[in-house]
2 protein chains.
Amino acid sequence: MKYEKDVTIYDIAKSLKLSAATVSRGLRNHPTINKHTRKEIIDTAKEMGYRSNSFASSLRTKKTNTIGVIVPRLNSYFVASVLAGMEDVSYKEGYNLIISQSLEKVEKEVFNAHTMFNKRVDGLLISLAYDSINIDHLIPFFKKNIPVVFFDRTSQNNESTSILIDNYKAAYETTKHLLDNGCTRIMHLAGNLLRNVYAERLQGYKAALKDHNIIFDEALIYTSKLDEEAGYSAADYILSLQADKRPNGVFSANDTAAVHCMIRLKSAGVVIPNDIAFAGFNNDPISKVIEPNLTTINYSGYHVGEAAALSLINHLKGTTNIKTTNTIVLRADLIIRDSSVKK
Amino acid sequence: MKYEKDVTIYDIAKSLKLSAATVSRGLRNHPTINKHTRKEIIDTAKEMGYRSNSFASSLRTKKTNTIGVIVPRLNSYFVASVLAGMEDVSYKEGYNLIISQSLEKVEKEVFNAHTMFNKRVDGLLISLAYDSINIDHLIPFFKKNIPVVFFDRTSQNNESTSILIDNYKAAYETTKHLLDNGCTRIMHLAGNLLRNVYAERLQGYKAALKDHNIIFDEALIYTSKLDEEAGYSAADYILSLQADKRPNGVFSANDTAAVHCMIRLKSAGVVIPNDIAFAGFNNDPISKVIEPNLTTINYSGYHVGEAAALSLINHLKGTTNIKTTNTIVLRADLIIRDSSVKK
DNA sequence: TTTATTTTTGTAATCGGTTACAAATTAGTA
DNA sequence: TACTAATTTGTAACCGATTACAAAAATAAA
């Protein structure tokens, strides 16, 4: 078991009879280095199998070229797409991602934020856990001027940029679409209203109702975690309602809840969309599998990830200032499928 | 904009009138430190808001407490679950993950492996890209004795551990199940046979046929990328076959292809399972949404991730030796749903 | 040729922990 | 009390790259 010793700039320096400082500069294309010398340095470096020691460098420069990412959970299609977008951008720009999940729990989010802080990430990308009430755990970042970019599940504050879609508008349009298609009693499957995304979707829903002169009915709001189980429970709730109290349309804040609600209702004999029309949110792969296919809001996780990473990196490189760019709103489109068009 | 200077062990040392060495030892529970002194050190560290500088530490110890992960793509449910499992274990053990995706391309996989190597990860977790032919790009790791653990898409070699399921057995059982349910001509939707997982599934399929005295028919093997598009194409292929050449059962190497193939066939009037029975692989969320629900192999990505990370970390901590533990086989179960039970 | 400039390279300190080895302190024993 | 052994703490070098400042070399101007 032979460990070949790592090649350092000193080895290169010795081999070229130069000083380590010159080698260091040469490798980084420092302007004061003679181009001929630089070429020699780079060539020998390659030849000797040199690889830069990022710790030595980070220790000295206090830059890590690492971005921390905290997501609610890794195993969701949307989050996976977001990460894919972030990864693409980051690698191109020479940054690495350290990824962690809060599992929707505040405590883990706090813990992860601490870890990221201690690992001295250059910046942080975060989507808040289901029930994070405040962002006190990010104060150390703000204090040290480490940029933080929120995406999707954001938090209003002046210290950082947020990447999101116009949830209000998307929800408004979706609700309007249901109304235009003959729905008169629309139930809304809502998420935790602490989270901007869910609060805004609810607002958009309410606004659309109001504009169509429909009185908002608290009994038609079903708040949950929006997971499979919640979808089933929502269906049970609907089935438990008296016939005249039942909704004839459902707008769910995500596809998972919508789809599983549909499944349960269908097995109970409810006909979709004629008895109850459905619309979801996210354009998850399952929305194209359920029958009838689910009308939903298409909202590219990949682009969210790209935008978030890009925004952070631009700030790190000094191109833009994070405090002036407060919010970036991405496009989201209503995709109309069979689940919402009554025949 | 005030940057408070970071607290170092020297600051703590000065404040306690001790040497930095003692502080360093105290913080790491070194045995030669007096418990009373240790307590004082830890208390003042907390009080002063000390956070250890991992670069200084890594520079000296040549350990990074970071594990590199390379996956084919981030945006799949299976991969996301694997990462969730890895993340859980790693964080508990004090390791961070650096995650990257090869996007199924060899070149990016090679590039990512280089980056990981340069970032000096303590170990590497990798699932190979769709068409990686060899693992030459991992040679630097082997040479430097940096442990590598393969998961799912593995590669046979003596240098590293592999985490997988018994694909052969799972495929055998699935095929047998279809045969037992009256299928006589079973088509197999295969993936790239360079990848162990797909090659073994094909072998299991073949073996089951043989044991049931059914002659293997090359025309019933449809090799593809197993994505949505491939599912549709497979359906088109089936529909293009003469009635007597059509399969009455399909065993797909993943759920995505199976489900989309089903969708297209259904819209062409094919009745599932009576005309054609279906079985997939992975237990993706869509398998529970498609109608009829898809029979599939349940195979916990989470556990794969856990096992892979644990195996690597145990090796790093010296608990086990990666060269002796060559393969870890995880449980996989056939879940029988309506898509395969003819009535 | 001499002096002033501009280019290019070198010196040495620094970043913050870690650790081999030495020194000092305390405990144990005769 | 004197001396040996065990605990505890300190000294100083080191990990490898970066950079302020100094010095040397090359070029231009007088």
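In what follows, every heavy atom counts, from backbone to side chain, and hydrogens, waters and symmetry copies are set aside. Please read all numbers here as calculations on a predicted model, not as lab measurements. Letters A, B, ... mirror the listed sequences (proteins, then strands); counts begin at 1.
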Which residues share a side chain to side chain contact (heavy atoms under 4.5 Å, CB included) with B/N34, sequence neighbours left out:
B/H36, B/T37
Roughly, in whole Å, what's the span from CD1 in A/I41 to P in C/dT9?
7 Å
Taking NZ from B/K35 and P from D/dT7, how many angstroms apart are they, rounded to a whole number?
10 Å
Heavy-atom donor-acceptor pair, A/T161 side chain to A/N326 backbone, under 3.5 Å
no
Sugar-phosphate only, base, or nothing, as touched by B/S58 at under 4.0 Å among non-hydrogen atoms:
nothing
Tabulate atom names and distances for all N/O pairs under 3.5 angstrom spanning the protein and nucleotides 12-16 of chain C.
residue : atom : partner : partner atom : Å
C/dT14  : O2   : A/R60   : NH1          : 3.0
C/dC15  : O3'  : A/K62   : NZ           : 3.3
C/dG16  : OP1  : A/K62   : NZ           : 3.2
C/dG16  : N2   : B/A56   : O            : 3.2

C/dG10 phosphate, OP1 or OP2: any side-chain N/O from A/T22 under 4.0 angstrom?
yes
Look at all strands and tell whether A/K17 reaches a base, only sugar-phosphate, or nothing, counting heavy atoms closer than 4.0 Å.
sugar-phosphate
For D/dT9 and B/T37 - does any side-chain N or O of the residue sit under 4.0 Å from the phosphate oxygens OP1/OP2?
yes
Rounded to whole Å, how long is the line connecting atom CZ of B/R25 with atom P of C/dT18?
11 Å
Is there a donor-acceptor pair under 3.5 Å between the side chain of A/S132 and the backbone N or O of A/N134?
no
D/dT18 C1' sits how many Å from A/R28 CZ, rounded?
6 Å
What integer distance in Å separates B/N29:CG from C/dG17:P?
16 Å
When you check the side-chain N and O atoms of A/Y50 and A/D6, is any donor under 3.5 Å from an acceptor?
no
Mind calculating the distance between CG (A/L27) and P (D/dT18) to the nearest angstrom?
8 Å
Return the value, rounded to whole Å, for the distance between atom NE2 of B/H36 and atom P of C/dT26.
14 Å
Donor-acceptor check, side chain of B/D11 to backbone of B/T8, threshold 3.5 angstrom: yes or no?
yes
Looking across every strand, which nucleic acid part, if any, lies under 4.0 Å from A/L18 by heavy atom: base, sugar-phosphate, or nothing?
sugar-phosphate
In whole angstroms, the gap separating P of D/dG10 from CD1 of B/I12 amounts to 14 Å
Is the distance from OP1 or OP2 of C/dG17 to the nearest side-chain N or O of B/S24 less than 4.0 Å?
no
Are A/T64 and A/D122 linked by a side-chain donor-acceptor pair shorter than 3.5 Å?
yes
Would you call A/E104 and A/R153 a salt bridge, using N to O less than 4.0 angstrom?
yes
Using only side-chain N and O atoms of B/T32, determine if any of them is under 4.0 Å from OP1 or OP2 of D/dT8.
no
Tell me what B/S54 touches on the nucleic acid: a base, only sugar-phosphate, or nothing, going by heavy atoms under 4.0 Å.
nothing
